[in-house]
Amino acid sequence: MSLSTDLTTTDTQTNSSKPTALQTAPIDKSYEFQEVEAKWLNDWAQAGLSIATMDSTKPCFSMVIPPPNVTGVLHIGHALNNTLQDILIRYKRMDGYNTLWVPGTDHAGIATQNVVERQLAQEGLSRHKLGREAFIQRVWEWKAKSGGRILEQLKRLGCSCDWSRERFTFDEGLSLAVKEVFVRLYEEGLIYKGDYIINWCPRCHTALADIEVEHEPQEGCIWRLKYPLKDETGYVVVATTRPETMLGDTAVAVNPNDARYAHLIGKELMLPLVNRPIPIIADDTVDMEFGTGAVKITPAHDFNDFETGLRHNLPVINIFDTSAHVNENGGKYQGMDRYEARKRILEDMSAIGLLEAEEKHSLAIGGCYRCKTVVEPRISKQWFVRTQPLAQKALAAVREKETVILPASWEKTYEEWMTNIKDWCISRQIWWGHRIPAWTCKTCGETIVAKDTPTACTKCNSTDLEQETDVLDTWFSSALWPFSTLGWPEKTRELEMFYPTSVLITSFDILFFWVARMLMMGIHFMEEVPFRYVYLHALVRDSQGQKMSKSKGNVIDPLTVMEKYGTDAVRMTLTALAAQGRDIKLAEDRIEGYRHFINKIWNATRLVLMNVNDSFEPLKDPESLIPRALKDKWILARLGKLIQSTRHNLDNFEFDEAARGLYHFFWHEYCDWYLELAKPAFQSLNDQERRITQQTAITVLDICLRLLHPIIPFVTEELWHNLPGSSGHIMTAEFPRPVPAWQNETAEAQMQELIEIITGIRNLRSEFNIHPGIRLKVQVFPHDDGIRELFSAQKTHLLALAKLETIDFYDTSQPRPKNAASVILKDVEIFIPLKDVIDLAGELKKLQKEEEKLLNDLQKTQAKLNNADFMARAPQEIREKEQQRFTDIETRLKRIKDHKATLSTIET
RNA sequence: AGGCGCGUAGCUCAGUGGUAGAGCGCUACCUUGACACGGUAGAGGUCGGCAGUUCAAUCCUGCCCGCGCCUACCA
């Protein structure tokens with residue numbers, strides 16, 4: 001009798017129920033996702049499964065969504081970002097946490113204002129014609145009607161946010177938080193107002209923060225202009241890429257160590273065209289190597305020049321209006337656009353012989369990140385946040401791992417930025433946004449900053465007060481998102497339970513815009529970091545690695561592909577491709593590939609359900625499942641490992657590995673091998689065998705569905721409800737835990753051997769073109785007892801999977817058959833007599849090929865073993881492995897040689 | 001200019017100091033009572049190049065070539 005118990009054909013025990021006849025399929029032949037997705041979205045919402053329970057007996061797990069712009073439409077980046085978040089929140093919810101995922105949108109100052117302004121333009125209106133109040137009213141109307149469509153799209157993606165807690169960065173509560181923060185920072189001296197040079201968008205008519213400017217490399221020109229000395233004794237030649245700014249020059253700077261100009265320092269030049277004397281100054285920031293070594297200084301229109309101007313107390317002459325047209329300081333150029341002015345000035349300089357040269361020059365032009373208009377550096381009164389003290393604490397928090405940034409490579413970038421951070425310009429000259437809570441007394445000039453509108457000047461008691469017209473940078477309000485959405489500044493139960501949030505998942509491109517600022521604000525106002533982990537995922541690009549954009553026409557629209565392949569397929573694809581620290585290059589055929597996987601799950605379930613009859617009783621507890629047969633022991637051992645690795649992957653944000661691990665197990669272990677092995681067992685007359693197989697098949701399926709649910713929620717929920725014995729929703733079922741009793745290395749090794757044998761025989765069938773319908777008789781020469789037992793025990797499986805008619809055993813001392821194809825493994829030789837097809841040449845060719853490969857391997861291994869250094873220094877484990885390998889190859893080689901010898905005795 | 005990342009099968013991507021993997025595509029065979037959105041068996045790779053470290057390098061180090069991205073005040 002064999003060790004294993006699943007050899008059933010001779011078993012005669014009485015059966016209490018008949019094997020399940022193939023039943024009518026309980027589910028359709030292929031997965032129709034459209035209805036299923038709609039059904040569960042509705043059902044989950046009705047059941048309120050994603051609403052935070054506020055159950056304080058459970059550990060808490062919380063996240064806030066990176067609020068998409070209220071003007072936004074779901075793009076593939078959102079799909080990735082929110083799929084990853086949803087995976088985590090679903091995992092934690094199933095794993096017993098009290099979960100909260102706060103959704104919401106961002107009011108997106110400039111972006112939203114632009115949208116509504118475009119609408120107005122179509123009606124022949126403008127915001128200025130409308131006036132501030134009416135305009136804002138209009139934006140709110142727009143928001144009510146068409147804003148936040150993206151949230152509906154996120155719902156369709158399956159995002160299990162707590163939709164009862166949806167917030168908006170401009171809603172009432174958050175506006176209160178914004179005022180509170182502004183006033184407190186002002187009172188602490190961390191907000192100030194002043195005249196500084198800022199980036200100005202001449203189209204949006206507002207200041208921009210440094211990081212809101214995008215630099216595009218461009219081919220441009222650099223010109224050399226001659227500036228005559230006032231005393232008419234010569235010229236100084238300056239190099240510039242922006243000749244039009246000469247109208248605002250107030251000095252020319254040279255390096256104090258520059259011998260060429262040393263004698264001119266302190267002298268005056270006569271600025272051409274404007275005929276204004278300007279001094280030659282010495283400043284060691286001037287690079288002697290670049291250009292002519294002499295730099296024209298325009299404090300009003302260049303960041304460096306502004307600094308230089310401050311150092312040398314130079315006058316500041318602003319030459320542009322807010323639309324970057326030359327103003328009254330530009331003399332005859334007044335009214336011209338900056339580029340028109342450039343052209344005219346060059347012509348005029350050329351005409352009077354002061355244009356020395358024009359050269360090609362590549363430069364980085366800064367553009368507005370919203371409208372791409374070339375920004376103009378400009379001096380104006382703006383509000384700033386003094387970031388140094390805030391940044392220091394935020395830097396320390398990350399260094400001390402109070403917040404962990406992943407992948408860790410971003411820490412360095414973060415550190416770099418936080419160390420060199422500049423003050424944050426927070427005022428914007430637009431209308432849509434949080435109006436700065438500051439008033440100026442028109443009587444005495446006092447600035448009053450307060451949460452509530454003051455009735456009188458705090459200094460002179462005048463009632464003639466005027467509120468600041470600027471609004472705050474949108475990122476100012478989103479910086480408060482992790483605590484403002486939880487009710488701050490009130491001391492709420494939500495804050496107590498869910499702050500700090502557990503994880504923030506976002507795209508790396510807003511690390512500075514958003515993540516760093518949340519850290520600064522969170523630490524300052526909550527005295528604790530806003531999140532424990534920041535996971536930064538990559539950008540989704542097209543298959544060529546290009547950024548997706550409408551103008552390039554390379555956009556993969558998530559909604560379109562969701563319609564086409566199903567939401568689960570899209571989620572699965574994004575997840576499987578989301579390797580840490582690497583951009584995702586997405587091609588549509590990958591989504592198609594994962595749709596096939598969804599279908600595979602569907603059909604595997606279909607098979608299992610077809611083989612479970614009404615009398616089947618599901619297990620209450622998977623741990624009570626005691627496998628007897630190799631196939632069951634094996635699949636449970638593999639499943640146990642899968643549970644562990646999936647948990648480990650999710651705990652470590654290795655979403656891609658979790659997805660791929662599940663894919664591989666389900667398709668290539670469960671479907672390819674287990675279910676194929678189970679098919680005959682489902683039909684077995686042996687009650688116990690049939691029952692255990694059914695239970696195992698169901699158990700593995702159940703656990704796989706639960707492991708997969710966070711990634712592909714729809715199909716798993718649907719199938720779960722068809723499993724016998726399931727109750728409730730898979731969404732709130734327990735996330736599988738490892739079952740130690742299922743560990744079984746022996747079963748894994750035996751199964752490996754079985755797979756090798758079956759594959760060997762199939763390979764041979766294929767090489768000899770044996771039609772799949774033909775059943776073969778095989779002769780087996782086992783070299784040890786273990787393999788013999790394996791063959792006996794797994795006979796039914798071998799017969800089924802290798803399509804055999806009979807298996808006969810021979811003693812290894814007996815001669816091998818002559819007209820036969822062979823599979824020669826380490827401890828078994830298998831022969832298939834080919835009566836009708838005596839293909840000696842083919843068999844010899846195959847043996848030859850195998851022999852060559854083995855010889856090659858043998859040589860490599862031998863080289864290693866002969867290497868004294870290897871034997872002396874390689875770890876023992878490796879040496880033994882290599883030794884074992886050598887022996888195995890040798891054995892196989894010898895058997896192949898023997899067989900070749902046998903064959904060569906045949907007359908050809 | 002500095003920083004970061006990438007270069008692995010035809011394409012899109014995983015991966016590892018000790019015998020190279022997946023999906024799609026390709027070839028041959030198969031409509032077998034879950035699935036042709038399928039099955040079986042294959043072909044296809046000096047793991048960008050050159051050095052170095054190591055018993056051993058696709059993996060670690062340096063340089064080079066190619067490609068991205070981010071930061072930067074070269075007028």
Side-chain angles (χ1 to χ4, degrees), chain A residues 22 25 27 29-31 211 215 222 238-242 245 253 285-287 289-298 302-308 361 363-364 377 409-410 412-413 416-417 420 508-509 511-512 538-539 541 543-547 565 569 573 576-577 579 581-590 592-611 656-657 660 663-664 668 671-672 675-676 679 759 762-767 769-773 801 803 856-857 860-861 864 867-875 877-879 881-882 885:
Chain A
L22 284 168
I27 56 177
K29 193 170 167 183
S30 74
Y31 175 46
I211 52 175
H215 295 273
I222 187 165
V238 297
T240 180
T241 53
R242 299 205 52 199
T245 61
T285 59
V286 177
D287 180 355
E289 309 296 317
F290 190 85
T292 61
V295 191
K296 62 190 266 319
I297 302 296
T298 323
D302 182 279
F303 283 86
N304 283 324
D305 294 2
F306 178 74
E307 297 293 330
T308 310
H361 185 70
L363 59 169
S409 55
W410 286 104
K412 198 175 171 185
T413 315
E416 191 84 0
W417 195 70
N420 301 312
F508 67 78
D509 54 347
L511 177 59
F512 303 138
L539 254 38
R541 299 173 180 280
S543 61
Q544 310 299 310
Q546 305 257 0
K547 217 166 174 168
Y565 303 104
T573 309
L577 296 184
R582 183 165 179 155
D583 283 345
I584 295 175
K585 285 192 213 161
L586 186 65
E588 200 172 311
D589 60 8
R590 306 224 65 184
E592 196 176 348
Y594 284 108
R595 177 186 60 171
H596 296 171
F597 175 61
I598 305 297
N599 195 246
K600 190 74 180 178
I601 300 172
W602 182 265
N603 276 291
T605 307
R606 189 162 178 263
L607 170 70
V608 173
L609 293 178
M610 283 164 84
N611 284 287
D656 58 324
E657 295 196 36
R660 288 197 308 265
Y663 179 100
H664 187 268
H668 299 302
C671 291
D672 286 356
L675 289 182
E676 290 306 321
K679 278 177 187 174
T759 311
R762 284 172 173 172
N763 177 313
L764 187 149
R765 298 183 66 112
S766 175
E767 282 197 40
N769 270 322
I770 298 166
H771 192 276
L801 297 196
K803 303 249 168 133
N856 193 27
D857 287 354
K860 274 195 218 160
T861 314
K864 272 191 184 176
N867 183 334
D869 286 327
F870 173 80
M871 294 310 283
R873 304 198 190 196
E877 194 192 313
I878 299 292
R879 289 200 314 267
K881 215 169 127 190
E882 218 51 44
R885 206 175 149 222

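Chain A is the first sequence line, chain B the second, and so forth, proteins listed ahead of strands; every chain is numbered from 1.
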Name the nucleic acid region contacted by [X], choosing base, sugar-phosphate or nothing; use a 4.0 angstrom heavy-atom cut-off, strictly under.
X	answer
Tyr594(A)	nothing
Val238(A)	nothing
Lys29(A)	sugar-phosphate
Glu676(A)	base
His664(A)	nothing
Ala872(A)	nothing

Original post:
So does Lys679(A) get a side-chain nitrogen or oxygen closer than 4.0 Å to the phosphate oxygens (OP1/OP2) of rA34(B)?
Top reply: yes

Subject >> Tyr565(A)/Tyr594(A) aromatic ring centres below 6.0 Å >> reply: no

For residues [X] and [Y], report the shortest heavy-atom separation together with the two atoms involved.
X	Y	value
Thr298(A)	Thr245(A)	CG2-O, 3.3 Å
Tyr31(A)	Asn599(A)	N-ND2, 3.5 Å
Arg879(A)	Met871(A)	CD-O, 3.3 Å

**OP:** With sequence neighbours excluded, tell me which residues meet side chain to side chain donor-acceptor pair (under 3.5 Å) with Thr292(A).
**Re:**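 For Thr292(A) there are no side chain to side chain donor-acceptor pair (under 3.5 Å) partners, ignoring immediate neighbours.
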
Atom [atom1], compared across [N] and [M]: separation rounded to whole Å:
N	M	atom1	result
rC30(B)	rG68(B)	C1'	45 Å
rG17(B)	rC59(B)	C1'	6 Å
rC4(B)	rA75(B)	P	24 Å
rG48(B)	rA43(B)	C1'	24 Å
rU27(B)	rA20(B)	P	27 Å
rG44(B)	rG38(B)	P	25 Å
rG42(B)	rU53(B)	P	41 Å
rU61(B)	rC11(B)	P	27 Å

**OP:** Write out the stems for RNA chain B, ordered by first number and formatted as range with range, counting runs of at least 3 consecutive Watson-Crick or G-U wobble pairs under 3.5 Å.
**Re:**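 Looking at RNA chain B, the stems formed by three or more consecutive pairs are B:1-7 with B:65-71, B:10-13 with B:21-24, B:26-30 with B:38-42, B:48-52 with B:60-64.
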
**OP:** With the side chain of His596(A) defined as its heavy atoms from C-beta on, choose the nearest nucleotide among rC24(B), rA34(B), rA75(B).
**Re:**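 Ranking rC24(B), rA34(B), rA75(B) by closest atom to the His596(A) side chain puts rC24(B) first.
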
Original post:
Nearest to the side chain of Asn304(A), which nucleotide is it out of rC74(B), rC73(B), rU19(B)?
Top reply: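 Of rC74(B), rC73(B), rU19(B), rC73(B) is nearest to the side chain of Asn304(A).
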
In whole angstrom, what separates [X]'s [atom1] from [N]'s [atom2]?
X	N	atom1	atom2	result
Arg660(A)	rG15(B)	CZ	C1'	8 Å
Leu675(A)	rG39(B)	CG	C1'	14 Å
Phe597(A)	rC37(B)	CZ	C1'	13 Å
Asn599(A)	rG38(B)	CG	P	7 Å

Identify all pairs in which a protein N or O lies below 3.5 Å from an N or O of nucleotides 4-7 of chain B, and state each distance.
from: rC4(B); atom 1: OP1; to: Lys412(A); atom 2: NZ; distance (Å): 3.2
from: rG7(B); atom 1: OP1; to: Arg582(A); atom 2: NH1; distance (Å): 3.3

Original post:
Nearest nucleotide by nearest heavy atom, which residue falls closer to the 5' end of RNA chain B, Asp589(A) or Arg595(A)?
Top reply: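 With Arg595(A) and Asp589(A) compared, the 5'-side residue is Asp589(A).
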
**OP:** Find which nucleotide of RNA chain B each of Arg590(A) and Ala604(A) is nearest to by heavy atoms, and output the residue with the more 5' nucleotide.
**Re:**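 In this pair, the answer is Arg590(A).
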
Detail all sub-3.5 Å separations between protein N/O atoms and N/O atoms belonging to nucleotides 55-59 of chain B.
from: rC55(B); atom 1: OP1; to: Arg873(A); atom 2: NE; distance (Å): 3.0
from: rC55(B); atom 1: OP1; to: Arg873(A); atom 2: NH1; distance (Å): 2.0
from: rC55(B); atom 1: O2'; to: Asn867(A); atom 2: ND2; distance (Å): 3.0

Original post:
Considering residues at least two apart in sequence or located in another chain, which fulfil the side chain to side chain contact (heavy atoms under 4.5 Å, CB included) criterion with Lys679(A)?
Top reply: Leu607(A), Glu676(A)

All N/O pairs under 3.5 Å across the protein-nucleotides 40-46 of chain B interface:
from: rA41(B); atom 1: O3'; to: Asn763(A); atom 2: ND2; distance (Å): 3.4
from: rA41(B); atom 1: O2'; to: Ser766(A); atom 2: OG; distance (Å): 3.2
from: rG42(B); atom 1: OP1; to: Asn763(A); atom 2: ND2; distance (Å): 2.3

